[in-house]
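Numbering starts at 1 and runs along the sequence shown.
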Amino acid sequence: MTGPVRRRPAARRGRDRRARVLPAQPGARYAEGRHTTAVIGGGIAGLAAATALAERGVKVTLYEREPYLGGRAGGWPTRLRDGSTMTMSRGFHAFFRQYYNLRGLLRRTDPTLARLNGLPDYPLLHADGMGDSFRHVPRTPPWSALGFVALSPSFRLGDLRAMDPVSALPLLDVRVPDVYQRLDDTSAYDFLEAIRFPQRARHLAFEVFSRSFFADPRQLSAAEMALMFHIYFLGSAEGLLFDVPRSPYPAALWGPLAGYLERHGAEVRTGSTVEHVAPTRGGGFEVAGDREERRHDAVVLALDAIGLRSLVARSQRLGDPAWRERVARLRNAPPFLVTRLWLDRPVAPDRPGFLGTSGFGGLDNISVLDRWEDEAARWAARTGGSVVELHAYAVDPGAQRTAEERQLVEQLHRVYPETRAATVVDVRHEWREDCPLFPVGGYADRPTIRTSDPCLVVAGDAVRTDLPVALMERAATTGFQAANALLERWGLRGQTLWTVPDRGRAAVLRKAAAWAGR
């Protein structure tokens with residue numbers, strides 16, 4: 001039988017003393033409902049924007065097309081063949097300790113982050129048997145990177161001698177937007193080739209992380225990969241420690257936040273599609289949904305790349321032509337697959353709650369949900385089974401989906417052979433293709449938070465920002481920044497933001513990187 005969910009506290013404060021604070025702009029504390037805003041999109045970016053606005057007394061209407069909140073970190077009920085009602089989602093998300101703004105959003109309803117569960121490691125496994133672990137790697141730069149090299153079996157002395165240290169120096173002083181000016185025209189794959197990064201270590205580290213952007217390293221901008229290196233290794237002292245919700249996303253995160261918004265006067269409208277947005281002659285915007293039309297003083301577009309492109313195309317008077325063309329050029333990452341299996345027996349007790357993989361066909365990682373999620377743990381305890389989730393990122397768009405699903409389960413059997421004898425009680429396959437692609441040379445063309453209309457702002461993980469953030473943290477940060485842009489216009493106090501340091505930590509390394517960039 002599966003044991004109880006492990007209880008490891010999530011860190012309340014970041015340990016990095018060099019984290020950067022961006023103080024809130026000054027202004028009045030409360031607007032008393034004088035301003036109205038439509039926040040279109042109920043993912044992390046939209047929830048952050050709605051929260052910052054509602055806290056200042058702005059009358060917010062949050063429109064979300066799906067019947068649930070959280071966007072790509074959302075969840076919905078599903079009924080299994082055994083009669084159990086479970087929560088399905090689009091897959092595992094790591095809430096890293098340096099996601100200061102996202103964690104700040106969650107603290108609105110969970111001040112000590114008690115609803116997050118700390119996992120002890122970020123293990124990686126290659127098909128040749130080589131493995132890596134970040135459990136004992138120091139967190140303080142530069143010892144974090146040096147410790148990983150010293151402790152990792154994927155780095156050999158000959159590999160290190162073959163590397164080109166001069167070409168690798170830009171990683172020592174990553175600044176935004178400078179890193180995009182230097183590396184955005186190079187792919188992550190070509191950059192690793194140029195510095196002669198060891199192949200084995202590349203599979204176990206950089207490629208695993210680059211695929212977190214749902215893209216093949218040959219398509220991904222090297223600037224995004226370098227930013228990742230800065231966030232997790234040489235820029236931040238938080239390391240690769242991360243937390244996961246103790247309960248499914250709706251119960252742990254978004255349900256409480258929806259209640260918080262409503263207590264602050266916001267109207268949360270799930271299952272509500274916005275058909276188009278039009279500026280009105282007297283100022284403001286008419287937002288036409290599937291229920292009614294409503295006028296708002298301002299609009300926050302907090303949509304994924306597909307949703308933003310589609311809404312702007314339907315809203316022909318929104319924004320100026322140059323902005324509309326940039327939005328139309330946004331690209332999606334390749335499809336990805338999340339397979340969740342409810343098995344009739346447990347996986348081996350020494351299996352980690354999360355495992356990153358490389359070289360196992362399309363399989364990118366495995367999660368054993370009953371190790372840390374209470375709903376899955378209760379199902380496993382009741383049935384004697386286990387709940388296992390598999391991810392395949394950047395799947396070939398032309399691939400036969402049924403074959404990919406079958407191969408993913410076969411790869412699970414390779415990694416965890418005991419699952420081969422298990423009977424599948426039920427299975428869900430979630431195919432999605434709505435993550436943003438950060439292609440080579442694409443940074444300058446991304447939409448920014450501000451537009452030509454000061455009352456129209458944009459937020460999301462596809463949005464360009466001059467702060468060192470990525471993935472879910474970029475979504476939360478740009479959501480707060482979008483709210484700040486409107487609050488500043490109305491003379492209201494903004495939201496304080498935090499990031500990892502915005503440059504290399506050591507002066508000597510910064511000088512070396514500057515020398516290499518000449």
For [X] versus [Y], what's the shortest heavy-atom pair and its separation?
{"X": "A188", "Y": "M225", "answer": "CB-SD, 3.7 Å"}
{"X": "I44", "Y": "W254", "answer": "CG1-CH2, 3.9 Å"}
{"X": "A333", "Y": "E433", "answer": "O-CG, 3.7 Å"}
{"X": "P334", "Y": "A394", "answer": "CB-CA, 3.8 Å"}
{"X": "L234", "Y": "L171", "answer": "CD1-O, 3.8 Å"}
{"X": "D173", "Y": "G504", "answer": "OD1-N, 2.7 Å"}

Would you confirm whether [X], through its side chain, and [Y], through its main-chain N or O, come within 3.5 Å as a donor-acceptor pair?
{"X": "E430", "Y": "G91", "result": "no"}
{"X": "S236", "Y": "Y232", "result": "no"}
{"X": "R309", "Y": "L330", "result": "yes"}
{"X": "D121", "Y": "S133", "result": "no"}
{"X": "N365", "Y": "T357", "result": "no"}
{"X": "T87", "Y": "G75", "result": "no"}
{"X": "E64", "Y": "G42", "result": "yes"}
{"X": "N484", "Y": "Q495", "result": "yes"}
{"X": "S310", "Y": "I306", "result": "no"}
{"X": "R324", "Y": "L318", "result": "yes"}

* **Stepwise side-chain contact (heavy atoms from CB on, under 4.5 Å) test for T270 and Y68** => CA-CA 6 Å; T270 54; Y68 56 85; over 6 Å; no

* Can you tell which of H429, R406, E404 makes a side chain to side chain donor-acceptor pair (under 3.5 Å) with T339? ->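 Exactly one pass, corresponding to H429.
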
* Asked: Which of parallel (below 30°), tilted (30 to 60°) and perpendicular (above 60°) describes F96 and Y122?
  ->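 It falls in the parallel class, under 30°.
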
Nearest 0.5 angstrom please: [X] [atom1] to [Y] [atom2], how far?
{"X": "H93", "Y": "L471", "atom1": "NE2", "atom2": "CG", "answer": "10.0 Å"}
{"X": "Y249", "Y": "W76", "atom1": "OH", "atom2": "CH2", "answer": "10.5 Å"}
{"X": "L437", "Y": "S221", "atom1": "CG", "atom2": "OG", "answer": "10.0 Å"}
{"X": "E193", "Y": "R218", "atom1": "CD", "atom2": "CZ", "answer": "8.0 Å"}
{"X": "R474", "Y": "N101", "atom1": "CZ", "atom2": "CG", "answer": "13.0 Å"}
{"X": "L119", "Y": "D243", "atom1": "CG", "atom2": "CG", "answer": "7.5 Å"}

* To do: Decide yes or no on side-chain contact (heavy atoms from CB on, under 4.5 Å) for D434 and R72, but give the supporting numbers first.
  => CA-CA 9 Å; D434 54 5; R72 291 195 291 274; 3.9 Å; yes

* **Test side-chain contact (heavy atoms from CB on, under 4.5 Å) applied to F336 and H391, step by step** => CA-CA 7 Å; F336 67 94; H391 285 200; over 6 Å; no

Compare all side-chain heavy atoms of [X] with those of [Y] and state whether any distance is below 4.5 angstrom.
{"X": "Q407", "Y": "L337", "answer": "no"}
{"X": "R20", "Y": "L467", "answer": "yes"}
{"X": "F360", "Y": "L125", "answer": "yes"}
{"X": "L240", "Y": "F242", "answer": "no"}
{"X": "R115", "Y": "S247", "answer": "no"}
{"X": "W498", "Y": "R103", "answer": "no"}
{"X": "V338", "Y": "R432", "answer": "no"}
{"X": "S358", "Y": "L124", "answer": "no"}

* Asked: With ring centroids as reference points, do F95 and Y99 lie under 6.0 angstrom apart?
  -> no

* To do: Report yes or no: do Y180 and E224 form a side-chain donor-acceptor pair below 3.5 Å?
  => yes

* Should we count CZ of R450 as having more than 12 external heavy atoms under 6.0 Å? -> no

* Verify the neighbour count for atom CZ of R428: are there more than 12 heavy atoms of other residues, nucleotides or ligands below 6.0 Å? =>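 More than 12 heavy atoms, drawn from other residues, nucleotides or ligands, come within 6.0 Å of this atom.
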
* Asked: Would you call R464 and D445 a salt bridge, using N to O less than 4.0 angstrom?
  ->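 Looking at D445 together with R464, the answer is no, because their closest N to O distance does not fall below 4.0 Å.
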
* **Cationic N near anionic O, under 4.0 Å, D184 to R446** =>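 R446 and D184: not salt-bridged.
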
* Contacts of type ring-ring contact (aromatic ring centres under 6.0 Å, His included), residue W431, not counting sequence neighbours -> none

* **Test side-chain contact (heavy atoms from CB on, under 4.5 Å) applied to L105 and F480, step by step** => CA-CA 9 Å; L105 175 65; F480 283 133; 4.1 Å; yes

* Are R90 and F214 in a cation-pi contact, defined as NZ or CZ under 6.0 Å from the six-membered ring centre and within 45° of the axis? -> no

* Decide yes or no on side-chain hydrogen bond (donor to acceptor under 3.5 Å, both in side chains) for S89 and R340, but give the supporting numbers first. => CA-CA 9 Å; S89 73; R340 187 173 296 183; 3.0 Å; yes

